[in-house]
Every structure is written in C-alpha cells, then in structure tokens.
Amino acid sequence: MTSINNLKHDHKNARKRTDRSAALIKESLERYGAARSIVIDEDGRILAGNGTVEGAKQAGIENVRIIDTDGDEIIAVRRTGLTEDEKIGLALADNRSSELSDWDQQMLSQLNQEHDLSPWFNAEDLNEIIIDVNEGSVEPKDDNPYTDKVEVSPYEITGPKPELSAIYDETKALQLIQEIDNSSATDAEKIFLKAAAYRHVVFNFQQIAEFYAHSNSEVQQLMEDSALVIVDFDHAIKNGWTRLGGELADAYTSEQSANA
C-alpha cells in the first residue's frame with residue numbers, strides 16, 4: 001500500500017479531461033467508490049489513469065494498492081457490495097467520462113514528432129485532432145493534396161462588394177424545378193426532387209469570399225454556418241466540412257477529366 005500522492009502525473013499524457021469529464025469521474029468515485037485499476041511504471045509514473053487519480057484525490061481517496069505484473073496476465077479488480085443500479089451507473093460513468101475527454105493537441109503534436117504513432121493514428125486521424133498547432137495541421141505522410149497544411153484566408157476586402165447575382169448561379173436548379181413541377185410525380189416525390197435540384201446551384205467562391213468580407217457580422221456567421229467560408233477549422237472538421245471539401249474536389253476533378 002502506498003499514498004496516492006506518491007504517484008507522478010504522466011508528463012507525456014496526450015489526453016486531457018474537460019471540466020465535465022473531471023466532474024463525472026469525481027462524482028462516480030464518490031457514489032460508487034474506486035473500481036478501475038490504473039497503470040504505473042517502476043517510478044510511479046501514471047501511464048494510464050491520470051484522470052482517475054486526479055478524481056480520486058478530489059474524492060478523498062488516499063491509498064493505492066500496487067500489484068506488480070510483467071504484462072502476461074490481466075489484472076481484474078473485483079468490486080463488491082454494489083447494487084444492480086450501482087453496477088449500471090459505474091459502468092456508464094466509466095465509458096461516458098472517457099467520451100467527454102479531449103486530446104491535448106499540443107502534446108499529441110509533440111508525440112507525433114518524437115514517436116511512431118502509426119499503430120494508433122494515421123495522418124487523417126491526426127489532422128482531424130490537431131488544429132492550428134505550430135501554425136497549421138499535422139503534415140501528412142502521403143501525397144494526398146487534401147491533407148496538406150491549410151492556411152487560413154484573412155478574408156480582407158480587396159474590391160467592391162459583389163452583387164448577389166455574381167456569387168451564385170441557380171439557372172440549372174430552377175430549370176430542373178420547373179420540369180419537376182410539370183411532371184406527373186407525386187407531391188412527396190416533387191419535394192424530394194426539388195431538394196435534390198438545388199445541388200446544381202453553382203457558387204463562385206472567390207466572389208463569395210469578397211462578399212463575406214463586406215458583410216456584417218450576422219451575415220458572416222450565417223455564411224460560416226453554411227460552410228460558404230471556413231474561418232474556424234476546428235468547427236469545420238467537427239462538422240465534416242473539410243473532409244467534404246476533399247471529396248467534392250475529387251469528384252470535380254474526375255468529372256472534368258471525363259468531360260475533357
């Protein structure tokens with residue numbers, strides 16, 4: 001038995017607790033007591049379970065029972081004295097607290113430079129997690145142009161504000177909608193087909209960037225929410241916009257090649 005204060009936080013821990021995750025760990029330990037084991041090395045460095053140790057300290061748990069192992073066996077903690085409701089609560093809290101945690105972008109970027117992370121993360125995985133670290137995303141280890149380092153456009157005014165008619169063209173979409181209205185399709189089918197027809201609206205993104213620079217903050221926010229411009233890459237990746245951009249670019253390139 002040793003004191004919990006003798007354990008050392010992992011200085012290379014790439015996982016960080018959010019306030020909600022930390023609160024959930026503390027509440028679980030206070031409700032159900034300790035159950036999950038942690039992993040330490042010979043010097044007491046916490047390799048797995050940094051958040052559990054921090055939550056245990058806050059919950060008033062002071063002692064650690066250490067079991068030595070060389071990795072050839074699974075260590076199981078047999079938790080006794082729990083009701084069925086408490087067992088369910090403990091299991092849910094264990095999984096939910098992990099979901100609510102975040103990756104430490106700075107540390108993960110550093111570890112990617114110092115160690116081989118390929119068994120656990122590929123270049124796309126890392127680019128989805130590490131944003132704006134060292135002035136950009138993680139440099140990919142392949143030749144995919146859509147995973148290259150992304151520079152943020154300043155969206156500065158460079159000319160007069162474009163007319164709305166100059167930033168998009170819905171001619172094809174309106175033509176299709178007219179044909180749908182004149183068709184014998186059911187009302188439900190027409191609603192579906194009209195929604196699909198708007199995919200044929202053509203956007204001039206160079207003019208859109210200029211229009212954005214001239215717009216007020218409310219219109220700018222609406223344009224960002226519609227992914228017409230991307231200012232916050234963290235928000236864009238969360239919503240899948242950056243990946244979608246690559247897929248659309250691939251599709252466009254293929255279509256242009258086919259039509260050449």
Path from [X] to [Y] over hydrophobic side-chain contacts below 4.5 Å:
X: Ile25; Y: Leu100; answer: no
X: Ile67; Y: Ile46; answer: no
X: Leu111; Y: Trp120; answer: yes
X: Val201; Y: Leu164; answer: yes

With salt bridge (charged side-chain N to carboxylate O under 4.0 Å, His left out) as the rule and sequence neighbours excluded, what pairs involving residues 59-84 come up? none
Salt bridge (charged side-chain N to carboxylate O under 4.0 Å, His left out): which pairs involve residues 38-53, sequence neighbours left out? Asp10-Arg45
Pairwise side-chain contact, [X] with [Y], heavy-atom cut-off 4.5 Å (strictly under):
X: Leu108; Y: Asp104; result: no
X: Tyr168; Y: Ile208; result: no
X: Met107; Y: Asn13; result: no
X: Asn112; Y: Phe121; result: no

Say whether, by atom type as modelled, one donor and one acceptor occur between the side chain of [X] and the main chain of [Y] under 3.5 angstrom.
X: Glu210; Y: Pro162; result: no
X: Lys161; Y: Ser215; result: no
X: Ser97; Y: Ser21; result: no
X: Gln220; Y: Tyr212; result: yes

Provide the closest heavy-atom pair for [X] versus [Y] in the form atom of the first, atom of the second, distance.
X: Leu24; Y: Ala93; value: CD2-O, 4.0 Å
X: Ile4; Y: Ala56; value: CD1-CB, 3.7 Å
X: Ile167; Y: Gln207; value: CG2-CB, 3.6 Å
X: Lys16; Y: Trp103; value: CE-O, 3.6 Å
X: Ala197; Y: Ile180; value: CB-CD1, 4.4 Å
X: Lys26; Y: Ala59; value: O-CB, 4.4 Å

Distance alone, cut at 3.5 Å: any donor-acceptor contact between the side chains of Asp225 and Gln221? yes
For the residue pair Asp116 / Ser118, report whether a side-chain donor-acceptor contact shorter than 3.5 Å exists. yes
Steps toward side chain to side chain contact (heavy atoms under 4.5 Å, CB included) verdict (Phe211, Leu228): CA-CA 11 Å; Phe211 186 89; Leu228 288 168; over 6 Å; no
The single option from Asn95, Leu90, Ile88 passing side chain to side chain contact (heavy atoms under 4.5 Å, CB included) against Leu92: Ile88
With sequence neighbours excluded, tell me which residues meet side-chain contact (heavy atoms from CB on, under 4.5 Å) with Asp94. Arg36
